[in-house]
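Okay, structure first, notes after.
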Amino acid sequence: MGRHFGDLAKVRHVITYSLSPFEQRAFPNYFSKGIPNVWRRFTTSFFKVAPPMTIMYLTYTWGNGVHEQGKKKNPADFENDE
């Protein structure tokens, strides 16, 4: 076949740019900008996500507790049984 996978069709009016792997920096500004940015994004989204999740968890555990109590038999109903 002679053609490589990337050259199977000619696409017109599409410009692609690439950078040599030897000219790239793998983790630029990782410690100076990356970690503070992660902390900032975490703190801004935490207070939006945590309260509903806490309410959902408490509702779920309460519902499971009520369900388990509802499955138990009432001992007063069986006092006169022999």
Side-chain angles (χ1 to χ4, degrees):
M1 197 154 129
R3 299 184 85 175
H4 297 288
F5 186 76
D7 299 327
L8 294 179
K10 289 204 174 226
V11 179
R12 296 176 26 175
H13 308 293
V14 175
I15 300 171
T16 59
Y17 298 96
S18 63
L19 185 64
S20 169
F22 299 107
E23 296 178 13
Q24 296 181 25
R25 293 185 354 188
F27 296 102
N29 303 323
Y30 180 72
F31 292 107
S32 63
K33 293 182 182 175
I35 293 175
N37 188 35
V38 168
W39 178 252
R40 179 189 57 81
R41 292 174 64 181
F42 173 76
T43 55
T44 56
S45 65
F46 177 77
F47 295 109
K48 294 177 187 174
V49 174
M53 293 292 279
T54 304
I55 291 170
M56 286 190 298
Y57 175 75
L58 292 174
T59 305
Y60 179 76
T61 55
W62 171 79
N64 279 341
V66 168
H67 178 69
E68 290 297 324
Q69 264 186 342
K71 290 192 328 183
K72 293 180 182 177
K73 294 180 181 178
N74 187 4
D77 294 341
F78 303 102
E79 287 178 352
N80 297 329
D81 287 354
E82 293 180 17

Acceptor/donor pairs from residues 55-68 side chains to any protein atom, 3.5 angstrom cut, sequence neighbours excluded:
unit_1	atom_1	unit_2	atom_2	d
T59	OG1	I55	O	2.8
T61	OG1	Y57	O	3.1
T61	OG1	L58	O	3.0

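Qualifying side chain to side chain contact (heavy atoms under 4.5 Å, CB included) partners for S45, counting only residues two or more places apart in sequence or in other chains: none. Remark: E23 engages L19, S20 in a side chain to side chain contact (heavy atoms under 4.5 Å, CB included) (not counting sequence neighbours). For F46, the side chain to side chain contact (heavy atoms under 4.5 Å, CB included) test picks out F42, A50, with sequence neighbours left out. Every side chain to side chain contact (heavy atoms under 4.5 Å, CB included) that V14 has, sequence neighbours left out, goes to V11, T16.
Cluster annotation: F47 is not connected to V49 through the hydrophobic network of ILVMFWY side chains, with a link wherever side-chain heavy atoms come within less than 4.5 Å. The hydrophobic clustering, which links ILVMFWY residues whose side-chain heavy atoms are closer than 4.5 Å, places F31 and V38 apart.
Atom CD of Q24 has more than 12 heavy atoms from other residues, nucleotides or ligands within 6.0 Å. Annotation for D81: atom CG counts as buried by contact number, over 12 foreign heavy atoms lying within 6.0 Å.
The salt bridge (Lys or Arg N to Asp or Glu O under 4.0 Å) analysis of residues 41-50, with sequence neighbours excluded, yields no pairs. Screening residues 25-39 for side chain to side chain donor-acceptor pair (under 3.5 Å) gives N37-R40 as the qualifying pairs, with residues at least two apart or on separate chains.
With side-chain heavy atoms closer than 4.5 Å counting as contact, directly or through intermediates, the hydrophobic cluster containing Y17 also holds I15. Hydrophobic cluster membership for F78: none, as no Ile, Leu, Val, Met, Phe, Trp or Tyr side chain comes under 4.5 Å of it.
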